[in-house]
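Data first, discussion second: the structure below is written as structure tokens.
A, B, ... follow the sequence lines: proteins, then strands. Residue 1 opens every chain.
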There are 4 protein chains.
Amino acid sequence: MNTETQQSTETVPGAERSSGGPGRRRDEATRQKILQVAFDTLRTDGLRGFTIEGVALRSGAGKTTIYRWWPSKAALAVDAFLDRFPAEIQCRGTGSVIGDLREHMRALADNLAGDNGRVLGAILSGGRDDPETLQLYRERILMPWRERGRRLLQRGIEAGEIRADLAVDAALDALFMPLVVRLSIKVGKCDSEWVDSLCDTVVRGIRPGH
Amino acid sequence: MNTETQQSTETVPGAERSSGGPGRRRDEATRQKILQVAFDTLRTDGLRGFTIEGVALRSGAGKTTIYRWWPSKAALAVDAFLDRFPAEIQCRGTGSVIGDLREHMRALADNLAGDNGRVLGAILSGGRDDPETLQLYRERILMPWRERGRRLLQRGIEAGEIRADLAVDAALDALFMPLVVRLSIKVGKCDSEWVDSLCDTVVRGIRPGH
Amino acid sequence: MNTETQQSTETVPGAERSSGGPGRRRDEATRQKILQVAFDTLRTDGLRGFTIEGVALRSGAGKTTIYRWWPSKAALAVDAFLDRFPAEIQCRGTGSVIGDLREHMRALADNLAGDNGRVLGAILSGGRDDPETLQLYRERILMPWRERGRRLLQRGIEAGEIRADLAVDAALDALFMPLVVRLSIKVGKCDSEWVDSLCDTVVRGIRPGH
Amino acid sequence: MNTETQQSTETVPGAERSSGGPGRRRDEATRQKILQVAFDTLRTDGLRGFTIEGVALRSGAGKTTIYRWWPSKAALAVDAFLDRFPAEIQCRGTGSVIGDLREHMRALADNLAGDNGRVLGAILSGGRDDPETLQLYRERILMPWRERGRRLLQRGIEAGEIRADLAVDAALDALFMPLVVRLSIKVGKCDSEWVDSLCDTVVRGIRPGH
DNA sequence: CGGTAAGCGAGACGGTACGTCAGGTCTTGGG
DNA sequence: CCCAAGACCTGACGTACCGTCTCGCTTACCG
């Protein structure tokens, strides 16, 4: 678990009520075990084999305990993912904004190349019907990516590296959505070659140059 | 059912073995009823409320009959969608290739604005765990969109409207994937305004012009 | 099949309408195959594994054909049994009526020792809920046994070997019912030793003798 | 439920694990309701209409709950019967052992005259294919009858009322099996007249008296 | 330092849907 | 009119998880 990047723990499901008042404290080891098992199950069996019952069994926890802290299995899945996914993608700065943008997307794709990608893919689709989980997904996974991208684009506009009349949201869509789809629909790979190609295309557009 | 646009019906699940040999023929009315009910259920209740049991009940068919023709509920969902979705999106030609591209995407978005979009969204994610259905989805829904787009882009390159060194696949990703995500994750609308904005962005790129 | 002992074939289910009128004649080979397979299935798998579906499959007949000639699977079972069970148990005469009685029961038990017993046991219980089959069973299997026994007893009474005030039906119950139960409930064996013991007991009674 | 006559409840299916250890206790009311409904269904509709599904529906219990406690529907049927059937048939003593024997059988027939008989008849045959249930049936229903009878016979032998060289098992067969058959095959009634007649026959034998 | 208020595991409970099996009916084409 | 093949609706099967609900036990604070 990446403790240093876990911010605003209080409002996160599965981590509330950690002190104050009488009664036994929440067992942190149990929480960890549950998240661990949840993540592994998602990785190994996909969302199909991901059941509260199974997580409870394999983690040695009671179902009650899981339901006490996570409102739905989708919430648990999102949490299990985020617990192992850095809130802030770290990447080295290049000289230019557009270079930084490419680095950001590369780092993202890198990070999602292995287990994380499998797990996120599982979540992406499965939780779709649960509006609450969709909300969680948008807010806690997708938005941070876009916000980081948005900041970069704005910085680029200010620096004159990006045209001022850009429809920022559309650009973010063009950049990040393909990543999301490739993960969930498994159409093609998400390697850095592809990421570069995508970035380049969006940066230059499809019209004949200059 | 749109008979004229339904090509190569023989290899499509749920439509095989329609003649020859002894034994009772497949009941076309039943097939239609099942697809109809499946579509309506997906539209109304989403994938959450979409159960074989329910479709059987509401269509008056036996569960066995459904399982005889569709291997999984995801396969049924894909079929129900395609039965009501035109295989070829029709749109008027404009003078330019880029105009045609925009028209194509507008028509697509239009077609998915109502029930079709709801249903497709439901399918998109739910079928993810069933590799077979994913395959179906890619081949029978996504690919036709991309192919149409690919042909347009290539025509544009030949006509000099589009730069010759374009990474076509990346461009297709940037154009169509956002549409898919907006449908499935319900992040933002898919109206023609947004489509125009997206097209424009991909066409011009994000760098300062010429 | 024991053709010579099969009497009154006309009223037997599965053997009617064998001539006259237009149309194709009934296929005797098919009838034989069905009965054969039915018998074997009962013998091998018991009533549990005895299904019209299975018989149709293994005999190569269509389900329709079976239903055309037998109203229920119990009827088929009874028929399959009777087709291989001699209508008249043959046994050598002894000097005395009581000896003949013992011989009759021995022959019966003998005949039911192997496959026939297994099959009859299967029928006995399974058909119980179908009143029609129960009727069949009583009329075509049980009654002949009792009638033969009744004739013997009556002969014994006339000959003075059996007391005149005997409640014949009760005696028949005491003699034959244990056989039926042992077959169906599988409580104990039905070997000739046991048969002798039973006969002897019923003959002599339980009170101290002479 | 006849609490006072229910002995050794611990080893009886559907009544185990009623205390100790963590976890929610078994709901006795539910158990009662299930047995009640099962009994009523058997009485009303026979074994034909006796389905786990139906019992679950009418009792308000989940199918899982039934399957948790009873391995098969036959086991449930046996239990439903025994729950309402006195483990020890009570009957007044007469002066003689043979009189007591007749009383015992009368009481038995009496007890089985109404609903109990219908239910037992239903069980008798239906459970035949399930060896486990057959076992249950033999051990928990048939054996107690025979044991009681056996004790009576032995007492009779000691008292000189019954001949010393009697084959006790054969005598028990002759006495009780007809009862069982009459119940299951429905050949004739089980009234006290018939019971008397049967007893008398077995007691006196069929040979001319003394 | 003892009461009380949680947290925790185990596990029973009423449900819903699953995917399968067999029952009995029907509709083909061919003999 | 018979027969095979086989599609069809019905209904029950036994299983898997769901989310809820007791239980008895274990902490830990707070008066």
Please enumerate all residues that pass side chain to side chain donor-acceptor pair (under 3.5 Å) together with [X], with sequence neighbours excluded.
X: Thr65(D); result: none
X: Lys63(B); result: Glu53(B)
X: Ser59(B); result: none

Whole-Å gap separating [atom2] ([N]) and [atom1] ([X]):
X: Ile34(D); N: dA12(E); atom1: CD1; atom2: C1'; answer: 11 Å
X: Arg58(A); N: dA16(F); atom1: CZ; atom2: C1'; answer: 13 Å
X: Ile66(C); N: dT25(E); atom1: CD1; atom2: C1'; answer: 14 Å
X: Trp70(D); N: dG14(F); atom1: CH2; atom2: C1'; answer: 16 Å
X: Leu57(A); N: dA10(E); atom1: CG; atom2: P; answer: 9 Å
X: Arg48(A); N: dA16(F); atom1: CZ; atom2: C1'; answer: 13 Å

With sequence neighbours excluded, residues passing ring pair (Phe, Tyr, Trp, His ring centres under 6.0 Å) with Phe50(C):
none
Please list, chain by chain and in numerical order, all residues satisfying salt bridge (Lys or Arg N to Asp or Glu O under 4.0 Å) with Asp40(B), sequence neighbours excluded.
Arg43(B)
Between protein and nucleotides 8-13 of chain F, map the contacts as a letter string: B base, S sugar-phosphate only, - none, heavy atoms under 4.0 Å, written 5' to 3'.
BSB-SB
NZ/NE/NH1/NH2 to OD/OE distance under 4.0 Å, Asp79(A) and Arg140(A):
yes
